[in-house]
Structure formats: structure tokens, C-alpha cells
Amino acid sequence: MPKSVKITIAVVSIVSVVFFSILGFIIFGFAGTATVYTLLGKEPDTVQSHVEKSMPKYNDHEVYFFGAMDGYEYIEYYFDEDLSPAEFDKSEYFKRVTEKDIEEINKYVDEFENGIEVTYDDFLLGDDIKKVYSFNKSMVDTDDYFYTFNIDNFRCYTLFYFDSERKTAFELRAKT
């Protein structure tokens with residue numbers, strides 16, 4: 001076999017091994033982290049997990065996401081119809097919406113809505129969030145509660161919003 005063919009085979013082999021090693025590390029690293037937390041019966045210690053724990057007990061929730069390390073997450077939390085919105089006063093994170101807060105909340109919603117425009121159904125790691133997204137800026141009023149978290153001017157952010165009329169909390173999250 002000529003020397004140039006051996007070199008070509010060696011280079012293709014090395015590139016293939018490196019590519020699949022990196023791909024495997026990304027896939028198993030992502031899945032491995034989730035698996036370790038699941039096996040230990042723990043959740044990752046994040047701002048989002050603390051805020052979620054501070055909410056009144058919810059009956060159910062639905063999670064939609066797009067992306068792995070970077071991406072968008074949309075969660076709806078459903079509460080009993082007899083839940084008093086004042087239960088959110090007990091949370092150390094949530095605060096009642098004031099007229100002054102509405103503009104800030106709308107900035108988060110606008111950022112999120114612009115971001116989910118890139119989501120689509122046939123992506124391996126995620127959902128087309130636009131199809132299930134039911135949050136609407138018109139429901140923002142002073143009877144509701146919210147919490148925001150923002151890093152580096154909307155590079156990574158979260159809006160938790162409890163709508164007292166629908167008895168539903170929403171989490172709009174971007175991590176880029």
C-alpha cells in the first residue's frame with residue numbers, strides 16, 4: 001500500500017475517533033449529569049429549583065424545551081382552583097405585580113417570544129415551543145405574582161409568573 005494511502009487512512013481514523021469521542025462526551029455528559037442527580041434522588045441546585053420549591057404545591061406541570069446546553073424552556077405549573085393567590089406572599093422569591101413591574105415583565109416576555117421563533121418540531125433535542133406557548137402579555141396585571149432572574153443583559157434569564165385568574169404559573173427561561 002502506498003505511503004500516501006496509509007497517511008490518508010491514519011488521518012481519517014484519527015479525525016473519526018476525535019469526532020465521535022467529543023460527540024459521545026457531549027451526549028453522555030449531558031445524560032450522565034441528569035442520571036447522577038436522578039440516582040441520588042437530588043435536583044441540581046439552581047436558582048430555578050429554589051424558586052420552584054418556594055411556590056405553593058402544584059398539581060401538575062408540563063415542560064417544553066428546545067436545545068441542550070443553550071436553548072429555551074417553557075413550563076406551565078397547574079394549581080387547584082381553590083388556591084388563594086396570597087399563598088405566593090409566603091414565597092421569598094415571588095412578589096406581587098405593580099404597575100411599574102409590568103414594563104419589566106413585558107421585556108422578558110418579548111425576549112422569550114423572539115427567542116422561541118427559532119424552535120421547530122424535528123429537532124432531536126426539543127419541542128416547537130411556539131405550538132404550546134399559551135402565555136400572553138394581556139394577562140399581566142396587579143393581581144398576579146412574579147420573579148425574574150437575569151444574567152448579562154438577557155444572555156441567560158428566567159421569568160416565573162403566576163396568573164391568579166388561570167391558577168397557572170409559567171416559567172419562561174433562556175440559557176445561551
J.: Measure the shortest side-chain to side-chain distance between Val47 and Tyr147 over non-hydrogen atoms and say whether it is less than 4.5 angstrom.
T.: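 Yes, side chains in contact.
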
J.: If you compare all heavy atoms of Met139 against all heavy atoms of Tyr161, which two are closest, and at what distance to 0.1 Å?
T.: O-OH, 3.8 Å

J.: Just do the side chain to side chain contact (heavy atoms under 4.5 Å, CB included) check on Tyr78 and Lys167 with the steps written out, would you?
T.: CA-CA 7 Å; Tyr78 307 107; Lys167 304 289 191 209; over 6 Å; no

J.: Can you tell me if Glu99 has over 12 outside heavy atoms packed within less than 6.0 Å of its CD?
T.: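 Counting neighbours around CD of Glu99, 12 or fewer heavy atoms of other residues, nucleotides or ligands fall under 6.0 Å, so no.
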
J.: With side chain to side chain donor-acceptor pair (under 3.5 Å) as the test, pick out the partner of Tyr77 among Glu171, Lys57, His61.
T.: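 Looking at Glu171, Lys57, His61, the match for Tyr77 under the side chain to side chain donor-acceptor pair (under 3.5 Å) is Glu171.
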
J.: What is the ring orientation for Tyr108 with Tyr157, classed by angle as parallel under 30°, tilted 30 to 60°, or perpendicular over 60°?
T.: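 Rings of Tyr108 and Tyr157: perpendicular, as their planes differ by over 60°.
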
J.: Any chain of hydrophobic side-chain contacts (each under 4.5 Å) joining Ile105 to Phe160?
T.: no

J.: Calculate, to the nearest 0.5 Å, the distance between atoms CD and CD belonging to Glu73 and Gln48 respectively.
T.: 8.0 Å

J.: In Å, rounded to the nearest 0.5 Å, how long is the span from NZ of Lys175 to CD1 of Ile151?
T.: 12.5 Å

J.: Between OG1 of Thr148 and CG of Asp101, what distance do you get to the nearest 0.5 Å?
T.: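 It comes to 8.5 Å.
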
J.: Within this structure, what is the CD1-OG1 distance for the pair Ile116 and Thr119, rounded to the nearest 0.5 Å?
T.: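 So the CD1 of Ile116 and the OG1 of Thr119 are separated by 5.5 Å.
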
J.: What are the two closest heavy atoms between Leu83 and Pro56, and how far apart are they?
T.: CD1-CB, 3.9 Å

J.: Before accepting this row, confirm whether a basic side-chain N of the pair Asp89/Lys95 lies closer than 4.0 Å to the acidic partner's carboxylate O.
T.: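 No.
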
J.: Pick from Phe112, Tyr120, Tyr74: which one makes a ring pair (Phe, Tyr, Trp, His ring centres under 6.0 Å) with Phe66?
T.: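 Single pass found, and it is Tyr120.
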
J.: Check whether Phe135 and Ile102 end up in the same hydrophobic cluster, where Ile, Leu, Val, Met, Phe, Trp and Tyr are linked by side-chain heavy atoms less than 4.5 Å apart.
T.: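 Same cluster: Phe135 reaches Ile102 through Ile, Leu, Val, Met, Phe, Trp or Tyr contacts under 4.5 Å.
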
J.: Parallel, tilted or perpendicular for Phe162 and Phe88, by the 30°/60° rule?
T.: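 Judged by the thresholds at 30° and 60°, the geometry between Phe162 and Phe88 is parallel.
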
J.: After noting the C-alpha distance and the side-chain angles of Glu76 and Thr168, does the key distance pass the side chain to side chain donor-acceptor pair (under 3.5 Å) rule?
T.: CA-CA 7 Å; Glu76 292 184 4; Thr168 303; 6.0 Å; no

J.: Roughly how far apart are Asp60 CG and Phe79 CZ, rounded to 0.5 Å?
T.: 11.0 Å

J.: Going hydrophobic residue to hydrophobic residue with side-chain gaps under 4.5 angstrom, can you get from Tyr133 over to Phe154?
T.: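 Linked within one cluster.
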
J.: Under 4.0 Å between a side-chain nitrogen and a carboxylate oxygen: does that hold for Lys137 and Asp110?
T.: yes

J.: Can we say Glu103 and Lys100 salt-bridge, meaning some charged N sits less than 4.0 Å from an Asp/Glu carboxylate O?
T.: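 So Glu103 does not pair with Lys100 through a salt bridge.
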
J.: Decide whether Val63 and Ile129 are clustered together by the hydrophobic rule: side chain heavy atoms of Ile, Leu, Val, Met, Phe, Trp, Tyr closer than 4.5 Å, transitively.
T.: no

J.: If you look at every heavy atom in Tyr145 and Ala86, which pair is closest and at what distance?
T.: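 Closest heavy-atom pair between Tyr145 and Ala86: OH-CA, 3.8 Å.
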
J.: Do Val132 and Tyr58 sit in the same hydrophobic cluster, where Ile, Leu, Val, Met, Phe, Trp and Tyr count as joined when their side-chain heavy atoms come under 4.5 Å apart?
T.: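 No, Val132 and Tyr58 fall in different hydrophobic clusters.
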
J.: Thr158 vs Leu172, test: side chain to side chain contact (heavy atoms under 4.5 Å, CB included). Steps then yes/no.
T.: CA-CA 6 Å; Thr158 302; Leu172 286 61; over 6 Å; no

J.: What are the two closest heavy atoms between Glu81 and Arg166, and how far apart are they?
T.: OE2-O, 4.4 Å

J.: Considering non-hydrogen atoms only, spot the tightest contact between Ser134 and Phe170 and give its length.
T.: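 In terms of heavy atoms, the two residues are closest at OG-CE2, 3.8 Å.
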
J.: Can Asp144 and Ser164 be said to form a side chain to side chain donor-acceptor pair (under 3.5 Å), step by step?
T.: CA-CA 5 Å; Asp144 300 336; Ser164 59; 2.8 Å; yes

J.: Carefully, step by step, assess Arg96 and Asp143 under the rule salt bridge (charged side-chain N to carboxylate O under 4.0 Å, His left out).
T.: CA-CA 7 Å; Arg96 192 167 195 146; Asp143 294 330; 3.7 Å; yes

J.: What distance separates Asn106 CG from Glu113 CD, expressed to the nearest 0.5 Å?
T.: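 Interatomic distance, Asn106 CG to Glu113 CD, rounded to 0.5 Å: 9.0 Å.
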
J.: Less than 4.5 Å apart, any side-chain heavy atom of Asp127 and any of Phe65?
T.: yes

